Amino acid sequence: MSAHLPVDATHPTPPPWNDVSLPAEQRVAALLERMTLPEKAAQLYGVWVGADPSGGGVAPHMHDNLPAEVDWEALIPLGLGQLTRPFGTAPVDPALGAQALARAQRQISAANRFGIPAMAHEECLAGFAAWGATCYPVPLAWGASFDPDLVAEMAAAIGRDLRKVGVHQGLAPVLDVVRDPRWGRVEETIGEDPCLVGTIGSAYVRGLESAGVVATLKHFVGYSASTGARNLAPARIGPRELADVLLPPFELALREGGARSVMHSYAEIDGVPAAADPHLLTELLRGQWGFAGTVVADYFAIAFLQTLHQVAADAPEAAALALTAGVDVELPTVHAYGTELVAAVERGLVAEELVDRAARRVLLQKCELGLLDADWDPQPAPGPIDLDPAGNRELAARLAEESVVLLANPHGLLPLRAEPPRIAVVGPLADDPAAMLGCYSFPMHVGPHHPGTPMGIEVPTLLEALRAEFTGSAVTYAAGCTVADEAADDFAVAVRAAADADVCVAVLGDRAGLFGHGTSGEGCDAADLSLPGRQGQLLDALLETDTPVVLVLLAGRPYALGDYSDRLAAAILASFPGEEGAGAVAGVLSGRVCPSGRLPVSIPKGPGGQPWTYLQPPLGLAGEASSLDPTPLYPFGHGLSYTSFAWEPEPIAPGADEMTTHGAVEASLVVRNTGARSGTEVVQLYLHDPVAQVTRPDMRLTGYARAPLAPGESARVVFRFDAELAAFCGTAGHRIVEPGELELRLAASSGAVRHTWKLRVVGEERRLDGVRMLRCPVRIEPGAEESNQQ
């Protein structure tokens, strides 16, 4: 029997809101005109039934903002907007969880007058955050791959897994651009460049939405620009940084990715919390960008308007501020949008029309998802549910392999062509499966609250992978130290193991956690960019032996390597590469995998002199005015290969060195694999604006392409650069295309320019309003498969 019975069960036709032959707007209007204020308000919040209000929950302030208990039977007769993390709160067998969710949905539908079920949402930042689900590489690794197509494929797989258990909305991707690498959530970001973040993030959105799951962009906006890199600290940023660096990824993911939801951030920008900012959430997001989906609150953020930001005296005031600003749904559970929102309307703090506005958006989305259809049925398919099938693992492995960055290989030690007789694997992360996983993977996010519960998936350690990769070698192991706790350091054993080996693989970096329970992750901010704990001292001790040392950094943020770089035999970075990450790293070490990852964040020389990203105007670069040199050790976009490539730029056609402020030009080159093995070159296009009315970054990425090539094979890579891509926020506060000189720089990284085209932009200054070009189209012509384009 359908959960959506008509109000009058004897009537031969369904009510209009269940009638699929009617337009969605008409169906929703029929609902709204019949609903009471409390029923409409009930569509505007979620309920976190499985959360722990005792203080032992996931996040700080969680216990302050959760009710002592949820009276389910009293709540659901009004209806319910969302169910929060039915799979991501505690370990649950996927099939049993899907059955339990279906039962809850039937209860909700049967209890309310209109048969409206809830939307269910889950975290899916590095895979579906559920017990037994595939743990993919974290977003920083997506950025390192420079491969939007593969990220879209991963996201589609995640979306299919969400749908098969009854989940409708995924809280991803994170589109925050890194502004200070000390911030704990760097691992959740895609990188320090808005072009990379926007194109990779949009691809994730396309993939998730292709599976019928609502993608939720977060955190809108400014969260990553917090003062001192402290989580939730105020963001003291100017309008140009907001317009030119932080906002473009969101705009691209909405316009091209098709995201149907946005989560506002915890940030306060110039004293105004995002949750209470109508300019941000209504005038910009909806008025200028035309967004028609839902805005959901970051967890507890509406309550934070009262408790942390102190811009509201009580919960009804907080509700009125958020609803007026444009927040449609309170998550994770009801605090201010239930009876408190009704009270706010009754007190005259907010008009009921704004409740209608939000409820209409929520109900339209439910209508799109089929939740209002007369034949909607939450029952999952019978039988067991596998959330970590072989296809997922193969996809996780491919992305992990593409994300590994070979930072340095000065003497050609890598790949280890012949199996060394003795390999010493040293470091606190060498034999730890958690070393592969980010803080929003289920084992690291929820697992610590359930000690003794199996991980639910197979995650090989790097030690295990190396023993499987180098079957002819004697592989020894010593931890040497812990990640951050100095109590168990034993340098002597580790140094002896290294000294007795032909090569030492030092496996160092981060352990993901939450709010101080790790060295990387939400609330795990760093004072500086030194390797955590005593890992730097351990590396120094290993480098004092006569054994070549290969550093493998498994980390969630960049760390300063300048003190070690000239003594290392080689260095590799893998940013929490997921459940198949160990095999990917071992494959790079052996040469089975030809590395193609590129840095999505700069690697600094020293731990101080930060924050710094490569998007700097002249005075942000090294110069005589300061004794601090911020030049990175390895720049944004850097990465080495085991083969070689020749770049043959094509001459600009006569007259093609000039374009109007409405025009476009093409920049092209031929890339040839001149080495003995197949590999992938990542061609990057940067823009340099020599003179502008406001200071501009010396270089900024505007396009890129992966070119996979067999030995001797070549490909023609063509970028179409539109004048709108040179636009910026001018002195008048709006976006302009300015006439004058420009340089297009083809480069292997932001620090390795291979060829420069000089252009002249002619015509009148052009103001850009509304839809604009947000990415640089690129094509790969015969000689290589036309794929992996941004």
Side-chain angles (χ1 to χ4, degrees), residues 193-196 198-199 244 248 614-618 621 635-637 645-672 681-707 714-731 735-768 772-784 786 789-790:
D193 178 87
C195 171
L196 182 66
T199 51
D244 292 338
Y614 91 102
L615 293 174
Q616 299 296 319
L621 305 174
F636 172 85
F645 301 95
W647 291 32
E648 304 163 10
E650 298 182 324
I652 297 179
D657 58 351
E658 183 175 286
M659 66 175 173
T660 70
T661 53
H662 291 79
V665 296
E666 287 193 344
S668 60
L669 78 160
V670 173
V671 179
R672 189 180 309 278
E681 180 68 301
V682 180
V683 181
Q684 301 162 45
L685 180 69
Y686 292 85
L687 175 68
H688 171 67
D689 191 345
V691 179
Q693 61 183 249
V694 298
T695 63
R696 304 292 297 132
D698 183 64
M699 286 176 62
R700 62 179 178 91
L701 186 71
T702 59
Y704 58 89
R706 288 175 59 90
S714 65
R716 184 170 183 256
V717 181
V718 184
F719 295 95
R720 180 175 173 81
F721 181 84
D722 192 288
E724 293 184 6
L725 294 171
F728 58 89
C729 185
T731 55
R735 189 171 301 280
I736 61 169
V737 179
E738 188 180 41
E741 304 295 328
L742 291 178
E743 289 182 8
L744 297 180
R745 297 176 175 179
L746 284 168
S749 75
S750 62
V753 176
R754 299 287 180 82
H755 188 75
T756 297
W757 276 281
K758 294 188 176 182
L759 296 173
R760 182 166 183 81
V761 181
V762 298
E764 297 296 320
E765 180 179 292
R766 178 185 170 198
R767 176 170 175 168
L768 291 183
R772 61 190 176 94
M773 179 67 71
L774 288 162
R775 66 178 182 90
C776 182
V778 57
R779 64 183 188 271
I780 299 179
E781 296 184 339
E786 186 170 346
Q789 300 176 24
Q790 85 200 48

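Because the structure is predicted, anything quoted here is derived from the model rather than measured. Computed over heavy atoms, backbone and side chain alike; hydrogens, waters and symmetry mates excluded.
- Electrostatic pairing of Asp722 and Arg772 does not count as a salt bridge here, judged by no charged N lying under 4.0 Å from a carboxylate O.
- Considering all non-hydrogen atoms of both residues, Ile780 and Ala705 come closest at CD1-CB, 4.4 Å.
- Between Glu648 and Arg672, at least one side-chain N (NZ, or NE/NH1/NH2) sits under 4.0 Å from a carboxylate O, which counts as a salt bridge.
- Within the 4.5 Å cutoff, no side-chain heavy atoms of Pro739 are placed close to those of Val762.
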Could you pull out all donor-acceptor pairs under 3.5 Å where a side-chain atom in residues 750-757 meets a protein atom, sequence neighbours excluded?
unit_1 : atom_1 : unit_2 : atom_2 : d
Ser750 : OG     : Phe636 : N      : 3.4
Ser750 : OG     : Phe636 : O      : 3.0

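- In this structure the side chain of Val718 never reaches within 4.5 angstrom of the side chain of Val778, judged on heavy atoms.
- In this structure a side-chain-to-backbone donor-acceptor pair under 3.5 Å is present from Thr702 to Leu685.
- Applying the side-chain contact (heavy atoms from CB on, under 4.5 Å) test to Gln693 and every residue at least two apart in sequence or in another chain returns Phe728, Thr731, Ile736, Glu738, Glu765.
- Here the shortest heavy-atom pairing between Phe719 and Cys776 reads CB-SG, 3.9 Å.
- Using modelled atom types, no side-chain atom of Thr660 and backbone atom of Gly763 make a donor-acceptor pair closer than 3.5 Å.
- Interatomic distance, Arg745 CZ to Tyr686 OH, rounded to the nearest 0.5 Å: 11.0 Å.
- When all heavy atoms of Tyr614 and Leu701 are compared, the pair lying nearest together is OH-N, 2.8 Å.
- Ion pairing between Arg760 and Glu658 fails under the 4.0 Å rule for side-chain N and carboxylate O.
- Considering CG of Leu744 and CD of Glu666, their distance stands at 12.0 Å, rounded to 0.5 Å.
- Of the possible donor and acceptor atoms, one in the side chain of His688 sits under 3.5 Å from a partner among the backbone N and O of Asp698.
- Ion pairing between Asp244 and Arg735 holds under the 4.0 Å rule for side-chain N and carboxylate O.
- With values rounded to the nearest 0.5 angstrom, Arg767 atom CZ is found 14.5 Å from Thr661 atom OG1.
- The distance from atom CE of Met659 to atom CG of Leu742, rounded to the nearest 0.5 Å, is 6.0 Å.
- In this structure, the salt bridge (charged side-chain N to carboxylate O under 4.0 Å, His left out) partners of Glu724, at least two apart in sequence or on a different chain, are Arg766.
- Of all the heavy atoms in Ala727 and Leu768, the pair that sits closest is CB-CD1, 3.5 Å.
- Although no hydrogens or angles enter the test, the distance criterion places a donor-acceptor pair under 3.5 Å between the side chain of Gln684 and the main chain of Gly637.
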Between Glu681 and Trp647, does a side chain to side chain contact (heavy atoms under 4.5 Å, CB included) hold up when you go through it step by step? CA-CA 10 Å; Glu681 180 68 301; Trp647 291 32; 2.8 Å; yes
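- Between Leu615 and Pro194, the shortest heavy-atom distance links the atoms CD1-CD, 3.5 Å.
- Annotation: side chain of Ser668 is in contact with side chain of Arg716 (closest heavy-atom distance under 4.5 Å).
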Does Phe721 form a side chain to side chain contact (heavy atoms under 4.5 Å, CB included) with Leu687? I'd like the steps, not just the answer. CA-CA 10 Å; Phe721 181 84; Leu687 175 68; 3.9 Å; yes
